[in-house]
Participant: 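Below you will find the structure I want to go over with you.
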There are 2 protein chains.
Amino acid sequence: MSDNSSDKVISISRLRQACRNCSLRDLCLPMGLSNEDLQRLEGLVGSRGPLRRGDHLFREGDGFHAIYAVRYGALKTYTIDDEGREHVLGFHMAGELAGLDAIYPAEHACSAQALQATSVCAVPFARLESLARDISGLQIHLLRVLSKELGATAHLAADHTAEQRLAGFLYSLSRRLGLRGYSERELHLFMPRRDIASHLRLATETVSRLLARFQQQGLIKVSRKHIELLDPEALRHLGGAMAGAGPEAAERCRGDL
Amino acid sequence: MSDNSSDKVISISRLRQACRNCSLRDLCLPMGLSNEDLQRLEGLVGSRGPLRRGDHLFREGDGFHAIYAVRYGALKTYTIDDEGREHVLGFHMAGELAGLDAIYPAEHACSAQALQATSVCAVPFARLESLARDISGLQIHLLRVLSKELGATAHLAADHTAEQRLAGFLYSLSRRLGLRGYSERELHLFMPRRDIASHLRLATETVSRLLARFQQQGLIKVSRKHIELLDPEALRHLGGAMAGAGPEAAERCRGDL
DNA sequence: CGAGTACTTGACCCAGATCAAGCCATGTGG
DNA sequence: CCACATGGCTTGATCTGGGTCAAGTACTCG
C-alpha cells in the first residue's frame, strides 16, 4: 500500500467508527451467515479511507495482504502496459470486492484508485483464509465471487463490436446499481469517458459517438454523466446477451459480494 | 453432461484402472499435501474418458457437478454467441483444470471439447468443497487457481495488437508445456489455427500470416503443427510482458494446478 | 485415389483508431 | 464577479490493422 500516511492518521482515528458502519451485514457479505459468524468476521475487518478522488488503495506490485470490499464510493482497477498505456480492468462499487487477482501472484497485479470519496473494508487475507475453513458458506462464497469475475472477464475478452461492448456495459452497470438499491433507469456514470473507453478497449471518441448514437436511436438519454435508460431490453440484446443462459447470466457481470 | 453413452460403457470398464493412473500426486494437485490427505482426495475423484477428439466433456448449460482436471490429452473450452460464432475461452492440457467458471452460475458457462484423445479426473464439487475445509492448502490452492485464471483472462481482454496476442500465446504455451516436462523450444500445436484465432479474437488468416511473418523474422520455425521457438525472449517481449511484474507473472497465463 | 478439411496467400474493405478542432463545465486568481 | 485556464467531452476528417472474400495448396483419412 503506497498511499502517503497523511490520511492514515485520519483513518486510524475513524477506524472504530467506520468499522461499526461497515455493516458487513448488507454490504460485503450478504449471504446466509449466522449472526455469530458475522460477528467473528467483522472482528477481523479493518478499514481504509476515506479515500479522496485520485487516491490509491493499492498499486501494482504492492504486497498482497488483504482483499477490499467497497463500503461506499467507487474504485477503478487498472494496469499500465509496457508502452505506458493504462488499461482499466474494472469498476468496483459499494459491496463489490477488489484485489482478488492478487491471490495467485501474492502481489497486487493491478492498481486500485478511488473515483470519488470512497471507503473500504480491508479483510486480511491470511485470517480470512483460516476463517473460511470454519464458517460454512464463506469459502464457497469466495469461490463464487472469483468464478463470477472470471465469467465477466471472459465475456469482456470475447470478440464483440464496440456497440455490443458499450451496450453491455451500460446494461450491466444498470443491473449492478439496481442491486445496490439505486435506480436501474437513471444512472450516474461515476467514471470519466476515458476510463469506460479503456475498460472496453475503445477510444474515448468512440464511446462519445456511440452514446450519441444510442441517444439518437432512442435507447438512452445522455446528459453529461447522467444517463437514462429508455430501452434497457434493447441494450441487453445489443450487448450480446450471454448465449444460452437465462437472465441470471447477465448478472454475471461483476463480482458483487 | 451430454455425451452419448456409447463410450460410457468403455469408460466405466476403465474407471478403476484409470483412477489408479490418475496420480493426483504429480498431475492434479502437486502442492504440499500429506500422503494421507492425498488418499482422501483420490478417494473422491472419479474419471471420465478416454474422450476421443471431438467428444464433449460438458456443454454450456449442463448442470455443474464437478470440476475436471486433465490427466492426459487436451481440451478446449468455448461458448457460442447469439450469432452462432464460436469463441474459444481457453485450452487445457495435462494438469490443468476446466469448469471453474461454472461455480458461480451453478451451471456450465461454456462447453469443453477434447482436441485429442483425453482423459480427465472428475472432482465432485460438493465434496471437494467440504474437503477443502479440512485439508489445509486445498482451499487456498483453489483460490489461487481461480485468481491465476482471472489474471490470464484479464490480460487477454486487454487492448493488444494481433502480433502481441499471438506472440504472448506462443510464449505462454511454451512455458506451460515446459512445466509439464515437454520441451519449451519445440511445441506441438494440438489445436487448429481456427481455434487459436478464435481464442485470440483474430481471423484464421491473420494467425497464418503472423506465423509466416514470425518465421521470416527468425523468431520461430513453422512446420504445420510443429513450431520451434528460435527466439523465445523476443516473443516474450512482443507479447506484452506483463508490466512491472517479474518473470513469475508471465506464468500467470493459465490455471495449471 | 478422391473428398473433405486445414492451411496459406492475395486483393480489397471497413470498424474503429487517430488526428484535429472546437465546446462546455468547472475551477482559480485578480 | 468576471477573465481565462484546464480538463473532459463532442464532432468531423482521415487513416489503418486486421477482417472478409476468394482462390488456391496440402494433409489426412476413408
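Proteins get letters first, then strands, A, B, ... in listed order; numbering begins at 1 in each.
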Participant: Report yes if the distance between the aromatic ring centroids of B:His199 and B:His87 is under 6.0 Å, otherwise no.
Facilitator: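 Ring-ring flag for B:His199/B:His87: false, centres at least 6.0 Å apart.
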Participant: In whole Å, what is the span from the CG atom of B:Leu211 to the P atom of D:dG18?
Facilitator: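 About 14 Å, once rounded to whole Å.
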Participant: Considering just the side-chain nitrogens and oxygens of A:Lys225, establish if one lies under 4.0 Å of OP1 or OP2 belonging to D:dC9.
Facilitator: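 Yes.
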Participant: How would you label the contact of B:Arg209 with the nucleic acid (heavy atoms, under 4.0 Å): base, sugar-phosphate, or nothing?
Facilitator: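 The answer is base, as B:Arg209 lies within the cut-off (heavy atoms under 4.0 Å) of a base atom.
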Participant: Indicate whether any N or O donor in one side chain lies under 3.5 Å from an N or O acceptor in the other, for B:Arg193 and B:Thr204.
Facilitator: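 The answer is no; no qualifying pair exists.
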Participant: Tell me whether A:Arg201 contacts the main-chain N or O of B:Ala157 through its side chain, where contact means a donor paired with an acceptor under 3.5 Å.
Facilitator: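 Yes: the side chain of A:Arg201 pairs with the backbone of B:Ala157.
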Participant: Rounded to the nearest angstrom, tell me the gap between atom CG in A:Leu200 and atom C1' in C:dA15.
Facilitator: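 For the pair A:Leu200 CG and C:dA15 C1', the rounded distance is 16 Å.
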Participant: Would you classify A:Ala162 as touching base, sugar-phosphate or nothing, given that sugar-phosphate means primed atoms plus P, OP1 and OP2, and contacts are heavy atoms under 4.0 Å?
Facilitator: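 Result for A:Ala162 = sugar-phosphate.
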Participant: Closest-nucleotide mapping onto DNA chain C: is A:Thr204 or B:Ser208 further toward the 5' terminus? I mean the 5' end.
Facilitator: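 It is B:Ser208 whose nearest nucleotide is closer to the 5' end.
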Participant: Here's a test of your reading of the structure: between B:Glu205 and A:Thr161, which maps to the more 5' nucleotide of DNA chain C?
Facilitator: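 Of the two residues, B:Glu205 wins.
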Participant: Give a yes or no on this: more than 12 heavy atoms of other residues, nucleotides or ligands lie within 6.0 Å of atom OH of A:Tyr182.
Facilitator: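 Open.
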Participant: From CG of B:Leu189 over to P of C:dC7, roughly how many Å is that when rounded to an integer?
Facilitator: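 Going from B:Leu189 (CG) to C:dC7 (P), I get 9 Å.
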Participant: If the cut-off is 4.0 Å, is A:Arg194 near the phosphate of D:dG8, judged by side-chain N/O to OP1 or OP2?
Facilitator: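 A:Arg194 to D:dG8 OP1/OP2: side-chain N or O found under 4.0 Å.
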Participant: Output the rounded distance in Å from CG (A:Leu210) to P (D:dT11).
Facilitator: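 Taking CG of A:Leu210 and P of D:dT11, I get 12 Å after rounding.
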Participant: Round to the nearest Å and state the distance from A:Leu166 atom CG to D:dT10 atom C1'.
Facilitator: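 After rounding, the gap between these two atoms is 15 Å.
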Participant: Using only side-chain N and O atoms of B:Arg224, determine if any of them is under 4.0 Å from OP1 or OP2 of C:dA6.
Facilitator: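 No, because none of the side-chain N or O atoms of B:Arg224 sits under 4.0 Å from OP1 or OP2 of C:dA6.
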Participant: So what does A:Arg201 hit on the nucleic acid, given a heavy-atom distance under 4.0 Å: a base, only sugar-phosphate, or nothing?
Facilitator: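 Touches sugar-phosphate only.
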Participant: Start at the 5' end of DNA chain D and walk down; is the nucleotide closest to B:Arg165 or to A:Arg193 reached first?
Facilitator: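 Nearer the 5' end of the strand: A:Arg193.
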Participant: Keeping B:Ser111 on the side-chain end and B:Glu60 on the backbone end, is there a donor-acceptor pair under 3.5 Å?
Facilitator: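 Yes, the answer is positive, given that a donor and an acceptor are paired below the 3.5 Å cut-off.
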Participant: Specify the separation, in whole Å, of atom CZ of B:Arg85 and atom P of D:dT20.
Facilitator: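 Spelled out: CZ on B:Arg85 to P on D:dT20 is 7 Å.
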Participant: In whole Å, what is the span from the CD1 atom of A:Ile196 to the P atom of D:dG8?
Facilitator: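 From A:Ile196 CD1 to D:dG8 P: 13 Å.
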Participant: So, is A:Thr206 near the phosphate of C:dA17, with a side-chain N or O under 4.0 Å from OP1 or OP2?
Facilitator: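 Answer is yes, contact under 4.0 Å.
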Participant: In this structure, how many angstroms lie between the C1' atom of C:dT9 and the CZ atom of B:Arg213, rounded?
Facilitator: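 Nearest whole value for this atom pair: 15 Å.
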Participant: Output the single nucleotide from D:dG19, D:dC9, C:dT18 whose closest atom is nearest the side chain of A:Pro192.
Facilitator: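 For the A:Pro192 side chain, the nearest candidate turns out to be D:dC9.
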Participant: Students often get this wrong, so: under 4.0 angstrom with heavy atoms, is B:Leu202 touching a base, only sugar-phosphate, or nothing?
Facilitator: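 Touches sugar-phosphate only.
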